[in-house]
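As the structure is a prediction and not an experimental result, all values here were calculated from the model. So you know, we letter chains A, B, ... as the sequences are listed, proteins then strands, and number each from 1.
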Amino acid sequence: MNEPTPNETSKNFIELEIEKDFANKPVLAGKKVATRFPPEPNGYLHIGHAKSICLNFGLARTYGGTCNLRFDDTNPTKENDEYVQSIMADVQWLGFQWDALYYASDYFEQLYQWALQLIRDGKAFVCDLSSEQMREYRGTLTEPGKNSPFRDRSVEENLDLFQRMKAGEFPDGARTLRAKIDMAAHNLNLRDPVMYRIMHAHHHRTGDKWCIYPMYDWAHGQSDSIEGITHSICTLEFENHRPLYDWFCQTLGIYHPRQMEFARMNLSYTVMSKRKLLQLVTEKHVEGWDDPRMPTISGLRRRGYTPESLHLFCDRIGVARFNSTIDVIVLENSVRDHLNSIASRYMAILDPIKVVITNYPDSTEYLGAVNNPEDESAGTRQLPFSKELYIEREDFMENPPSKFFRLKPGGEVRLRYAYIIRCEEVIKDASGNIVELRCTYDPDTKSGSAAASERKVKGTIHWVSAQHASSVKVRLYDRLFLNENPEDVPAGKTFLDNINPNSVQVVQAFVEPELAKQEPGTRVQFERNGYYCVDTKDSKPGQPVFNRIVTLKDTWAKIAAKS
RNA sequence: UGCCCCGUGGUGUAAUUGGCAACACAAGGGAUUUUGGUUCCUUUAUUCUAGGUUCGAGUCCUAGCGGGGUAGCCA
C-alpha cells in the first residue's frame, strides 16, 4: 500500500476505555472487541463518515476484533438501495471489509417480539395522541411533561391495539407504541419515547410486510445487542440518548453493549450535513454526489484522493469529545504527503507561451527524465526536445522583482532535464501582449553532462516540445465555498450564497506525450504545479481529462504576495 | 431557562491517571535541491478565569465565564 506511517504515539480516549473495560468487566471475559459502522442508507457517505469508519474498523483491526457493517434502515421513506450500494463501495474503497453485513430490518421480527414483552411487563403502551398533542404533553426543557391519557390502558388492550397496528388497521400517525418511563425526566428522551410509528410505506428490503417501523432508539441498542457489539461508538449528538439505550437493554434483560460518543468532524470551507449536500446535488450547484468538489467519499475518490491519504488524515485529526473544526489544509496536506511518494512526475503547460530556440537545429532530441525522485522503481522516460517549446506564462516576467528566479529578458534559466537558455527577445502583438520569446541555448549545459554540473542558474522551469505535445482537458478545482464556515451567513442568506463561483476552471493544456496515454484513475504530478487524477467518468481512450487534486505547496506565491 | 457534555501553542490531539506540558500539522527563520516540490535543522504555551486541597495540580474540589447538544411519530 505504501502508506505513510501514522503517528502511533498515543491512544485516544476510546481505546483507553476499551482496554479498561476488557480488564475490568466480567461480561467481556473471553470476548473480542466488536464494533459496527451503522449508516442510514439515506445519502452518500462523506469525509465525516470516513472518520467513523476508520475509528470503528480501525479498532477491530488494532485489537484483533470484528467490525460489522449495519444499515440502520428503520425509516423506509428516506432510504433506498442506491445508497446501500454506494456505502458498501465506499467502505471497501477505504480498504475495509466488514466481518458481517446486517440491516436493522433483519431484526424487525425480533424487535416486534420484544415490544410485545415490554407491553406484557407493563413497560409500554399504545398511545392515540397526535404528534401535535404529544409535543404539548412532552413539556419543555424547563417544565416536566404530563402523562398521556392513554398511559394506563390494560395490558390486554395494549396487546390488542399493537397487534392491530401491525396488521394495518390504522392510518399513518393514528397511534404509536411508547415506552412507559417518566414524563418528568430531565432528559426529554426518557419522557415516554415513541418506539413504533405507523407508516404505510414500502421498505427497500422488507417491501410491504410491515406498516409499523421501529424508531432509532428502539432499534439501535437491540441491534448492537443481537450482534454482540462490545462498544457502540456514535457521535456526540446521541449522548442524551444513552440513558434510553441503557434503559431498553436493561428492561429487556438482554446483553448490554456500551455506547460511547465522540465529536463529529467539522471541516473548514466545507458543509457536511446530508441535507445540505443533497441540496447541492438536487439544485445542481454541483454535478452529482461524486462531483470532485464534494466532500463525499465518492467525490474525493473521483477528485483523486487516495484511501491512504484519508487514513493519514484521520490519524492526524484524532478522536475526542471536543467539537472542533479541522482546517481543510490538513486534508490537502495529507493527500500531498501520500502522492509525493507515489505519483509519477510529468510536464504539463496549462497557460502556454511559445519559446523559440533560435540556435537549435530543426531536429528532435530525446532526453532522459526521472519519473519519481522519491521512488527509484518508478524508472525513467524519454522526453522529446525541439526548437519550439511551450513554457508556463507565469514563468516569464518582463519586469520581475529581485527574487524572481525564472525567465526574464536577458536572463538565464534551466529547462528541466534539458539545457540552459537565455531570453534574447520578447515578441509582442499589436496590442502589446507577449506572444513569443526568442531564446538561445548553451549546448554545453545538457542535463547530466559533466559541463552542465559546473554551470549553475537559480531557476529551473518545465516545458513541453510544441510539435510533440498533446492537448488535453484539465479541470482546475478550488474550494467549493468562499467562507471558512459556509453556514455562517447573515439573516436572509443561506450557505448557497457562500458558494465559490470559480470552484472549477477548465483549461486546455499542452502536455508531454506520455501524459496522453494515462489510464483513468491514474494519479500524477504535473511538475512544479500540482497533483492530478485522470477522471474516471469523462476520459476517453487517448483523451484523458485531468482533475486537479491539489496544488503543490507554493513558496514563491507567498514571497510574491509579500512584496 | 432545566438537564447533559466540553474548554491544553495558530490548528488538532497527548501527558504513564497528582510528578520536568509532548506529538503532528500550520506559520516564521536557516540549510540542501536541475520541481520556489521533497528532505533536514530551528523558533513559537501564564493548560478559560478566580479561589482551594497538596511538598507538588493540565489532572482533584468550589465558584464563575465561554462553547456545544437537547422539546421528530428523523437518524
Original post:
What interatomic distance, in whole Å, is found between C1' of B/G56 and the corresponding atom of B/C20?
Top reply: 12 Å
**OP:** Could you give the distance separating B/U8 and B/U49 at their P atoms, to the nearest angstrom?
**Re:** 11 Å
**OP:** Can you tell me, in whole Å, how much space there is between the C1' of B/U54 and that of B/U62?
**Re:** 16 Å
Original post:
Under 4.0 angstrom, heavy atoms only, what part of the nucleic acid is A/Gly145 near: base, sugar-phosphate, or nothing?
Top reply: nothing
**OP:** Please confirm whether any donor atom in the side chain of A/Arg414 sits under 3.5 Å from an acceptor in the base of B/U34, or the reverse.
**Re:** yes
**OP:** Look at all strands and tell whether A/Arg178 reaches a base, only sugar-phosphate, or nothing, counting heavy atoms closer than 4.0 Å.
**Re:** nothing
**OP:** Enter syn or anti for the glycosidic conformation of B/U54, syn applying to angles within 90° of 0.
**Re:** anti
Original post:
Contact class for A/Arg416 vs. all strands (heavy atom < 4.0 Å): base, sugar-phosphate, or nothing?
Top reply: base
Original post:
Counting only side-chain N and O atoms of A/Asn333, is one of them less than 4.0 Å from OP1 or OP2 of B/A26?
Top reply: yes
**OP:** Under 4.0 Å between any heavy atoms, over every strand shown, what does A/Val319 touch: base, sugar-phosphate, or nothing? Just pick one.
**Re:** sugar-phosphate
**OP:** Would you please say whether a donor-acceptor pair under 3.5 Å links the side chains of A/Tyr107 and A/Glu227?
**Re:** yes
**OP:** Looking at every strand, decide which applies to A/Ile461 at a 4.0 Å heavy-atom threshold: base, sugar-phosphate, or nothing.
**Re:** nothing
Original post:
If you measure from the P atom in B/C23 to the same atom in B/A14, how many Å do you get, rounded?
Top reply: 16 Å
Original post:
Are the side chain of A/Thr270 and the backbone N or O of A/Ser268 linked by a donor-acceptor pair below 3.5 Å?
Top reply: yes
**OP:** Please work out if A/Lys458 contacts a base, only the sugar-phosphate, or nothing of the nucleic acid, heavy-atom cut-off 4.0 Å.
**Re:** nothing
Original post:
What is the distance, rounded to the nearest whole Å, between atom CD of A/Glu394 and atom P of B/U35?
Top reply: 17 Å
**OP:** Find the distance A/Phe13:CZ to B/G58:P and express it as a whole number of Å.
**Re:** 23 Å
Original post:
Just by modelled atom types, is the A/Val319 backbone N or O under 3.5 Å from a matching donor or acceptor in the A/Asn12 side chain?
Top reply: no
**OP:** Indicate, with a heavy-atom threshold strictly under 4.0 Å, whether A/Gln525 touches base, sugar-phosphate, or nothing.
**Re:** base
**OP:** Could you measure between the two C1' atoms, the one in B/G58 and the one in B/A15, and give it in whole Å?
**Re:** 9 Å
Original post:
Quick one: is A/Lys446 getting a side-chain N or O under 4.0 Å of the B/U34 phosphate, OP1 or OP2?
Top reply: no
**OP:** Please work out whether the ring planes of A/Trp289 and A/Tyr83 are parallel, tilted or perpendicular, with thresholds of 30° and 60°.
**Re:** perpendicular
**OP:** Can you tell me the distance, in whole Å, between the CZ atom of A/Arg455 and the P atom of B/U33?
**Re:** 17 Å
**OP:** Go through B/G36, B/C25, B/A26 for me and flag the one nearest to the A/Ile559 side chain.
**Re:** B/G36
**OP:** Take A/Glu412 and A/Arg455 through the test salt bridge (Lys or Arg N to Asp or Glu O under 4.0 Å) and record every step on the way to the result.
**Re:** CA-CA 11 Å; A/Glu412 287 188 331; A/Arg455 277 280 301 277; 2.8 Å; yes
**OP:** Take atom CZ of A/Arg316 and atom C1' of B/A24, then tell me their distance rounded to the nearest Å.
**Re:** 7 Å
Original post:
A/Lys456 side chain N/O closer than 4.0 Å to the phosphate oxygens (OP1, OP2) of B/U33?
Top reply: no
Original post:
Quick one: on RNA chain B, does A/Thr325 or A/Lys553 contact a more 5' nucleotide (nearest heavy atom)?
Top reply: A/Thr325
**OP:** Please confirm whether A/Phe108 and A/His203 have ring centers closer than 6.0 angstrom.
**Re:** yes
Subject >> Under 3.5 Å donor-acceptor, A/Arg321 side chain and A/Glu261 backbone >> reply: yes
Original post:
Given the C1' atoms of B/U44 and B/A22, what is the spacing between them in whole Å?
Top reply: 15 Å
**OP:** Determine which bases of RNA chain B form Watson-Crick or G-U wobble pairs with both distances under 3.5 Å, and write the result as a 5' to 3' dot-bracket string with | for other-strand partners.
**Re:** .((((((..((((.....[..)))).(((((.......)))))....(((((..]....))))))))))).....
Subject >> Atom-pair distance (CD on A/Glu392; P on B/G36), nearest Å >> reply: 12 Å
Original post:
Taking the six-membered ring of A/Phe170, is NZ or CZ of A/Arg175 closer than 6.0 Å to its centre and within 45° of its axis?
Top reply: yes
Original post:
In terms of base orientation, is B/G72 syn or anti, with the syn window spanning 90° either side of 0?
Top reply: syn
**OP:** Report the distance from atom CE of A/Met347 to atom P of B/G37, rounded to the nearest whole Å.
**Re:** 18 Å
Original post:
For A/Phe404, which contact category applies under a 4.0 Å heavy-atom criterion: base, sugar-phosphate, or nothing?
Top reply: base
**OP:** List the protein contact pattern of nucleotides 66-75 of chain B with one symbol per nucleotide (5' to 3'): B for base contact, S for sugar-phosphate-only contact, - for none; contact means a heavy-atom distance under 4.0 Å.
**Re:** --SBBBSBSB
**OP:** Determine the Euclidean distance between corresponding C1' atoms of B/C6 and B/U59; express it in Å to zero decimal places.
**Re:** 15 Å
Original post:
Can you tell if the side chain of A/Asp72 reaches within under 4.5 Å of the side chain of A/His220, non-hydrogen atoms only?
Top reply: yes
Subject >> Rounded interatomic separation in angstrom, taking CG from A/Leu552 and C1' from B/U33 >> reply: 14 Å
**OP:** Measure the distance from CG on A/Leu312 to P on B/C23 and round it to the nearest whole Å.
**Re:** 19 Å
Original post:
Looking at side-chain heavy atoms only, is the closest gap between A/Leu476 and A/Tyr532 below 4.5 Å?
Top reply: yes
**OP:** Scan side-chain atoms only and decide if A/Asp224 and A/Tyr245 contain a donor-acceptor pair under the 3.5 Å cut-off.
**Re:** yes
Subject >> Distance below 4.0 Å between A/Ser10 side-chain N/O and B/A15 OP1 or OP2 >> reply: no
**OP:** Could you tell me if the ring centre of A/Phe313 sits under 6.0 Å from that of A/Tyr305?
**Re:** no
Subject >> Residue whose closest nucleotide on RNA chain B lies nearer the 5' end, A/Lys558 versus A/Lys20 >> reply: A/Lys20
**OP:** Taking atom C1' in both B/A75 and B/U39, compute the distance separating them and give it to the nearest angstrom.
**Re:** 47 Å
